[in-house]
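Working notes, structure below.
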Amino acid sequence: MIFVTIVHYNNSNQERGYIMKSTYNVEFAGNQIESKEVIAKAKKVWVDAGNKDRKVKDLKTMDLYLKPEENAVYYVFNEEESGSFPLYE
């Protein structure tokens, strides 16, 4: 299992600090996916699961647990909402 925590900060009114950018790739059983694709899918799940007013900016934390052997990404949004979606299509 791969565990990834994504935290979004809205610091537009605060002094800008150093933000490290990172990426990862998952390869398993002939499939490959980049981190940006997994994160984009998770954000879409967040928006699609809510009402019309739900926006990506409302997503404060996103914990992702990748299980390539199950073709699954398990998530916890804002330390409250959980579920899963397919890792590979």
Side-chain angles (χ1 to χ4, degrees):
M1 179 183 293
I2 301 165
F3 171 69
V4 179
T5 299
I6 310 295
V7 179
H8 294 271
Y9 295 102
N10 183 357
N11 61 356
S12 58
N13 295 328
Q14 299 174 5
E15 183 178 314
R16 299 257 180 206
Y18 173 75
I19 298 175
M20 182 182 76
K21 292 186 178 184
S22 62
T23 186
Y24 61 84
N25 295 302
V26 176
E27 293 183 6
F28 184 80
N31 294 305
Q32 181 179 9
I33 192 164
E34 292 183 55
S35 58
K36 65 182 176 183
E37 293 175 67
V38 175
I39 293 167
K41 285 182 181 183
K43 288 178 179 178
K44 184 173 179 356
V45 167
W46 162 259
V47 170
D48 291 350
N51 57 35
K52 294 181 200 178
D53 297 330
R54 186 179 262 189
K55 307 233 183 302
V56 172
K57 69 178 184 173
D58 299 325
L59 184 57
K60 303 301 179 197
T61 63
M62 179 167 58
D63 296 328
L64 303 176
Y65 304 82
L66 284 66
K67 291 195 76 173
E69 66 275 16
E70 295 179 10
N71 186 32
V73 177
Y74 297 91
Y75 61 82
V76 179
F77 296 142
N78 292 339
E79 300 177 358
E80 296 176 354
E81 189 176 327
S82 63
S84 67
F85 59 87
L87 178 60
Y88 307 111
E89 295 300 319

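Every residue two or more places apart in sequence or in another chain that forms a salt bridge (Lys or Arg N to Asp or Glu O under 4.0 Å) with K44 is listed here: D48. A search for side-chain contact (heavy atoms from CB on, under 4.5 Å) contacts involving A40 returns nothing, not counting sequence neighbours. Partners of E34 by salt bridge (Lys or Arg N to Asp or Glu O under 4.0 Å), not counting sequence neighbours: none found. Here E80 pairs with nothing under the side-chain hydrogen bond (donor to acceptor under 3.5 Å, both in side chains) rule; sequence neighbours left out.
The shortest heavy-atom contact between V45 and F77 is CG1-CE1, 4.1 Å.
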Exercise for the section: Give the C-alpha distance, both sets of side-chain angles, the deciding distance and a yes or no for side chain to side chain contact (heavy atoms under 4.5 Å, CB included) between V76 and Y65. Expected result: CA-CA 9 Å; V76 179; Y65 304 82; 4.2 Å; yes
Problem - Derivation and outcome, side chain to side chain contact (heavy atoms under 4.5 Å, CB included), residues F28 and L66 - result: CA-CA 11 Å; F28 184 80; L66 284 66; over 6 Å; no
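Side-chain N or O atoms of S35 include one that pairs as donor or acceptor with a backbone N or O of Y24 at under 3.5 Å. The closest donor-acceptor contact from the side chain of N78 to the backbone of T61 lies under 3.5 Å.
Residue pairs meeting the salt bridge (Lys or Arg N to Asp or Glu O under 4.0 Å) criterion with at least one member in residues 49-59, sequence neighbours excluded: R54-E81.
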Expected list for residues 82-89: side-chain donor-acceptor pairs under 3.5 angstrom, two or more places apart:
unit_1: E89; atom_1: OE2; unit_2: K41; atom_2: NZ; d: 3.3

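Annotation: the span from E37 atom CD to Q32 atom CD amounts to 8.5 Å, rounded to 0.5 Å.
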